[in-house]
Amino acid sequence: MSTSDHSAAPASFSVSVADVELEPEDLDPGQIVSGEPVVTGKVLWESPDGSQVRGIWQITPGVVTDTEADELFVVVSGRATVEIEGGETLEVGPGSACVLREGDKTTWTVHETLRKAYHISY
């Protein structure tokens, strides 16, 4: 039997990932390899200690690098190739579920504006 206390958590909710209005997010110019990608997003929920975040994120076409956190995401729209240094190359598109590990060094080649719903653990 679970003894989880949900009283401190926000109410359960549902959103249309495709329709959520996103807000501009900073992208370090040092991460841009080519193009002029623009990043937007919306945090839907964050744990009180900041160790978990759930939200929606979008990036326009271009090539960027990143160092990842532990993340599970599902692509809602768009396409990208995610190269993991020393590992796999992932082709992601609508309906793709992807897991990235903390510390993965990635290069994202965004072919079509990509929108994803994500859960990150720090």
Side-chain angles (χ1 to χ4, degrees):
M1 184 161 110
S2 173
T3 58
S4 296
D5 178 10
H6 294 285
S7 63
S12 298
F13 64 91
S14 173
V15 298
S16 171
V17 176
D19 297 329
V20 170
E21 189 172 325
L22 305 180
E23 301 162 1
E25 291 188 3
D26 292 333
L27 179 61
D28 179 348
Q31 291 180 260
I32 300 172
V33 176
S34 68
E36 297 180 12
V38 174
V39 173
T40 53
K42 178 80 172 180
V43 171
L44 300 175
W45 176 86
E46 184 171 351
S47 64
D49 66 357
S51 66
Q52 297 184 61
V53 180
R54 298 173 186 155
I56 301 167
W57 184 84
Q58 181 170 287
I59 186 169
T60 62
V63 180
V64 298
T65 61
D66 200 9
T67 301
E68 304 296 336
D70 280 325
E71 178 178 6
L72 164 66
F73 67 84
V74 176
V75 176
V76 177
S77 59
R79 288 184 323 102
T81 302
V82 183
E83 297 175 60
I84 302 170
E85 185 178 287
E88 300 291 321
T89 296
L90 311 173
E91 298 293 336
V92 299
S96 295
C98 183
V99 174
L100 298 173
R101 295 173 303 167
E102 182 177 3
D104 280 347
K105 294 186 183 314
T106 57
T107 300
W108 290 68
T109 301
V110 181
H111 309 290
E112 299 169 6
T113 298
L114 183 127
R115 183 177 282 221
K116 66 182 184 176
Y118 66 85
H119 174 98
I120 295 175
S121 298
Y122 293 103

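Any value given below was found using the heavy atoms of this structure, including those in side chains, with hydrogens, waters and symmetry copies removed.
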*Could you check if a side-chain atom of V39 sits within less than 4.5 angstrom of a side-chain atom of P37, using non-hydrogen atoms only?*
no
*Roughly how far, to the nearest 0.5 Å, is the CD atom of E83 from the CD atom of E91?*
9.0 Å
_Ignoring hydrogens and geometry beyond distance, is a side-chain donor-acceptor pair present between T65 and Q31 at under 3.5 Å?_
no
_Reported CD-to-CD distance for the pair Q58 and E23, which is rounded to 0.5 angstrom_ = 13.0 Å
*Report whether W57 and F13 are members of the same hydrophobic cluster (ILVMFWY, side-chain heavy atoms less than 4.5 Å apart, transitive linking).*
no
*Taking every non-hydrogen atom, the tightest pair across V75 and G93*: CB-O, 3.1 Å
*hydrophobic_cluster_shared for I120 and I56, side chain cutoff 4.5 Å*: no
*asked:* If hydrophobic clusters are built by linking Ile, Leu, Val, Met, Phe, Trp and Tyr wherever their side-chain heavy atoms come under 4.5 Å apart, do V74 and W45 end up in the same one?
replied: no
_Min side-chain heavy-atom separation E21-K42 under 4.5 Å_ = no
*Is V76 close to P94 at the side-chain level, that is, under 4.5 Å between some pair of heavy atoms?*
no
*Can you tell me how far the CH2 atom of W108 sits from the CD atom of E68, to the nearest 0.5 Å?*
6.0 Å
*asked:* For the CZ atom on R101, are there more than 12 heavy atoms of other groups (residues, nucleotides or ligands in this structure) within a distance under 6.0 Å?
replied: no
*So how far is it from I59 CD1 to R115 CZ, rounded to the nearest 0.5 Å?*
13.0 Å
*asked:* Looking at D70, is its backbone amide N or carbonyl O close enough to the side chain of S121 to form a donor-acceptor pair, meaning the two atoms are under 3.5 Å apart?
replied: no
*Should F73 and V43 be counted in the same cluster of Ile, Leu, Val, Met, Phe, Trp and Tyr side chains packed under 4.5 Å apart?*
yes
*In one Ile/Leu/Val/Met/Phe/Trp/Tyr side-chain cluster, 4.5 Å: L90, V110*: yes
*With rounding to the nearest 0.5 Å, note down the distance linking CG in D66 to CG in D28.*
10.0 Å
*Which atom pair, heavy atoms only, marks the closest approach of E25 to G41?*
OE2-CA, 3.2 Å
*State which residue, out of V53, L72, L44, fulfils the side chain to side chain contact (heavy atoms under 4.5 Å, CB included) condition with Y118.*
V53
_Minimum heavy-atom distance A69-Y122, with the two atoms named_ = CB-CE2, 3.9 Å
*Scan side-chain atoms only and decide if D49 and S47 contain a donor-acceptor pair under the 3.5 Å cut-off.*
yes
*Any chance you could measure E88, atom CD, to T106, atom OG1, to the nearest 0.5 Å?*
14.0 Å
